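For reference, the structure I am asking about is given below.
These figures come from a predicted structure and were not determined experimentally. Note: hydrogens, waters and symmetry copies are ignored here, and every other heavy atom, side chains too, is used.
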Amino acid sequence: VTLSEILNYLDEFSTIDILPDDIFLLYDFLDADLQLAENDISVINQKAVDVTEAYSTVKTAFLVEKPLVTAFSYMFSLVQGKMSTKRKVFSTLCAAEDWLSA
């Protein structure tokens, strides 16, 4: 997964107009191979904040396993957007789903 692929996904996400005010996202990166640089995290964060600005709550869970993917996911989860944005990294689907539904 490259920076441009993530930015393209976020552009597509921004066109969805049937979502509720509170959104809960689960990204399964268990088999992902991220081709990112450390400074890409701030670019992704800003774009994510921009495309989710209209939502009351944005709760995002990242399901990870590989060390590099885990590191990038933790870095991204630490760079919070607005107060209504929450991001967390998980190693199991059950834990991610529990957190999202809490």
Side-chain angles (χ1 to χ4, degrees):
V1 180
T2 65
L3 174 62
S4 64
E5 290 172 324
I6 292 171
L7 296 179
N8 287 338
Y9 161 75
L10 290 170
D11 283 336
E12 287 183 36
F13 181 88
S14 71
T15 66
I16 302 170
D17 58 3
I18 59 170
L19 296 175
D21 287 339
D22 300 311
I23 57 173
F24 305 93
L25 305 167
L26 172 64
Y27 294 106
D28 182 346
F29 288 147
L30 290 178
D31 293 322
D33 180 20
L34 296 180
Q35 302 295 315
L36 300 173
E38 185 177 334
N39 59 343
D40 293 342
I41 299 301
S42 62
V43 173
I44 295 167
N45 178 66
Q46 187 57 56
K47 182 73 166 187
V49 168
D50 291 346
V51 303
T52 59
E53 191 171 46
Y55 298 98
S56 299
T57 303
V58 181
K59 200 169 182 184
T60 307
F62 299 94
L63 187 56
V64 300
E65 184 177 57
K66 297 176 183 174
L68 183 60
V69 175
T70 301
F72 278 128
S73 298
Y74 270 112
M75 288 170 56
F76 183 72
S77 68
L78 293 174
V79 182
Q80 295 296 327
K82 2 179 242 186
M83 293 298 291
S84 60
T85 299
K86 294 180 180 15
R87 301 172 182 156
K88 198 164 179 181
V89 178
F90 298 91
S91 59
T92 67
L93 179 59
C94 183
E97 289 174 335
D98 286 349
W99 180 75
L100 285 170
S101 64

Of all heavy-atom pairs linking S84 and S56, the shortest is CB-O, 2.8 Å
field: Hphob cluster co-occupancy, I16 + F24, side-chain heavy atoms under 4.5 angstrom
entry: no
Worksheet item: Quick one: do the E12 and N8 side chains pair a donor with an acceptor below 3.5 Å?
Response: no
Does D31 CG have over 12 foreign heavy atoms under 6.0 Å away? no
CG of L26 to CZ of F62, rounded to nearest 0.5 Å, is 9.5 Å
Only residue of L36, I41, T70 satisfying side chain to side chain contact (heavy atoms under 4.5 Å, CB included) with M75 is I41
Distance col, row N39:CG vs I44:CD1, nearest 0.5 angstrom, shows 10.0 Å
Worksheet item: Just wondering, do F76 and Y27 contact through their side chains at under 4.5 Å, heavy atoms?
Response: no
Closest non-hydrogen atoms of L93 and L63, given as atom of the first, atom of the second and distance, are N-CD1, 3.5 Å
Electrostatic pair D11:K47 at N-O distance under 4.0 angstrom = yes
Minimum side-chain heavy-atom gap L100-F90 below 4.5 Å:
no
* Asked: Does atom CD of E5 have more than 12 heavy-atom neighbours, drawn from other residues, nucleotides or ligands, at distances under 6.0 Å?
  -> yes
Tightest non-hydrogen contact, residues R87 and A48, listed as NH2-CB, 4.1 Å
Nearest heavy-atom approach of K86 to W99 is O-CH2, 3.8 Å
Side chain to side chain contact (heavy atoms under 4.5 Å, CB included) test vs T57 passes for just one of T85, T52, D22, I23, namely D22
When every non-hydrogen atom of I6 is compared with those of V1, the smallest separation belongs to CG1-CG1, 3.5 Å
Check: F29 ring centre within less than 6.0 Å of F72 ring centre: no
ask   = If two hydrophobic side chains count as joined below 4.5 Å and joins carry through other members, does L10 share a cluster with V69?
value = yes
Here the gap from K66 atom NZ to L30 atom CG, rounded to the nearest 0.5 Å, amounts to 9.0 Å
